[in-house]
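Contents: one structure, followed by commentary.
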Amino acid sequence: MLAQRLRAASVAKYNGVKNANGKYTVSFIEGDGIGIEISKAVKQIYAAADVPIEWESCDVTPILVNNQTAIPQPAIDSINKNLVALKGPLATPVGKGHRSLNLTLRKTFDLFANVRPAKSIDGYPTPYENVDTVLIRENTEGEYSGIEHTVVPGVVQSIKLITKEASEKVIRYAFQYAKSINKPKVLVVHKATIMKLSDGLFVETAKEVAKEFPDVSIDFEIIDNTSLRVVSDPKQYSDVVMVMPNLYGDIMSDLASGLIGGLGLTPSGNMGDKVSIFEAVHGSAPDIAGQNKANPTALLLSSCMMLQHMGLDSYAEKIQKAVLKTIASGKENRTGDLKGTASTSHFTEQVIKNL
Ligand code: NAI
């Protein structure tokens, strides 16, 4: 069941070894806002489930190196050593001049593919039934390259950078991933009708990469059409792995979260060749931070993707089952984003009981 639900990191390799205590060390970036509360929930549940993991806290408070936002060296060293990290949300100040820490992390570790599954949660019905989508977002370039400047006052330019190299990597990953979860098709989502060069390169690269995978078919769809069709009938996308440039993936993955009940539920994995960082899709939710209201499910399910990546499938299965059972057990055990009345700590206690 877990394999079908969350298998995310099946095509990346984890070569970590146990530490002197017989456990795996994992870097933990707790994050801002609700990050503190949901990280605490994860730690409590992991302790109760006896997961053979020791957390290494990572401070990613940014520093400036050559006038550029950078991750402090001890955090880089920790993640490079442990090869895997779990990350709470990091707030990005709007228009304050320095680059988003999330982008910096993705760039620093070349986390080129962002895998985002969205699957209906049993016991929490939404207007959509049996949603089972997987979306892979290019994670390092596109509109998120951070190349912006003022041409003259009142006129600004923001560059969408697409390279063949990054496109090839994420598209190849999408094919490998589709094979690993037995999905017969990769769907390339784009807007090459308008962005003929940039999205055009993405599409052409996909056609080339597809030749390496004769047993997986390929199809193409324009992003606006995909948006319409996904919200009309998401089941049409159950048999495909979608892959798309950065901005489209960002938007479409929030849309997919909406189909299954909201941002509090959707996990993700940022995959690189060497290092992988798992994180909830949502942000730091400043509107509810510090109020014991946050839903830790997305971070918990992200951590289950991580466990699976590390080959700790049985623990992933155990935790995921307990989380889903808790959500299905009624309004009093669900957090406010799922129209429930539970606090973060009550939800956490219930998950522990259901382990
Ligand atoms: P957000 O995802 O933080 O919040 C959007 C809405 O969803 C809010 O009403 C919030 O209360 C709710 N929500 C989100 N996660 C929830 C959870 N686990 N439980 C219950 N309710 C939840 O998006 P917003 O407000 O646009 O961004 C806030 C900050 O987070 C910004 O600084 C943004 O840059 C940052 N951010 C960070 C991300 C990351 O670290 N990967 C991703 C998205 C945003």
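Please read these numbers as outputs of a predicted model, since none were measured by experiment. Start at 1 and go down the list; that is how both ligands and their atoms are numbered.
Ligand 1 places these atoms under 4.0 Å from at least one heavy atom of Ala294: 19 (N). Every atom of ligand 1 is numbered from 1 in the order shown, and the set under 4.0 Å from a heavy atom of Lys87 is 39 (C), 40 (O), 41 (N). With ligand atoms numbered from 1 in the order given, ligand 1 contributes 11 (O), 20 (C), 21 (N) to contacts under 4.0 Å with heavy atoms of Ile288. Of all the atoms in ligand 1, the ones that sit under 4.0 Å from a non-hydrogen atom of Pro286 are 28 (C). Taking a cut-off of under 4.0 Å to the non-hydrogen atoms of Asn102, the atoms of ligand 1 that pass are 37 (C), 38 (C), 39 (C), 40 (O), 41 (N).
With hydrogens and angles disregarded, no donor-acceptor distance shorter than 3.5 Å links the side chain of Gln236 to the backbone of Ser232. Without hydrogens or angle criteria, Asn246 side chain to Glu141 main chain gives a donor-acceptor distance under 3.5 Å.
Cation-pi geometry between Lys274 and Tyr14 is not satisfied (NZ or CZ under 6.0 Å from the ring centre, within 45° of the ring normal).
The closest approach between Thr335 and ligand 1 stays at or above 4.0 Å for every heavy atom of the residue. Heavy-atom separations between Ala298 and ligand 1 are all 4.0 Å or longer.
Any N or O atom pair closer than 3.5 Å counts here, and Leu90 shares at least one such pair with ligand 1. The shortest N or O to N or O distance between Gly283 and ligand 1 is under 3.5 Å. Inclusion of Pro89 in the set of residues having an N or O under 3.5 Å from an N or O of ligand 1 is not warranted. The shortest N/O to N/O separation between Glu279 and ligand 1 falls below 3.5 Å.
Residues Tyr248 and His190 keep their aromatic ring centres 6.0 Å or farther apart.
With a heavy-atom cut-off of 4.0 Å, Val281 touches ligand 1 through its backbone alone. In Lys293, neither the side chain nor the backbone holds a heavy atom less than 4.0 Å from any atom of ligand 1. With a heavy-atom cut-off of 4.0 Å, Asn295 touches ligand 1 through backbone and side chain alike.
Using a 4.5 Å heavy-atom cutoff, the side chains of Val188 and Met244 are not in contact.
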| request: Before giving the answer on salt bridge (charged side-chain N to carboxylate O under 4.0 Å, His left out), spell out for Lys185 and Asp219 the whole-Å C-alpha distance, their side-chain angles and the decisive distance to 0.1 Å. | output: CA-CA 7 Å; Lys185 190 190 279 183; Asp219 209 348; 3.5 Å; yes

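Of the candidates Glu279, Glu30, His282, His282 is the only one forming a side-chain contact (heavy atoms from CB on, under 4.5 Å) with Pro89. Screening Lys87, Met306, Arg106 for a side-chain contact (heavy atoms from CB on, under 4.5 Å) with Ile277, the sole residue that qualifies is Lys87.
Using modelled atom types, one finds a donor on one side chain and an acceptor on the other under 3.5 Å when comparing Gln73 with Asp77.
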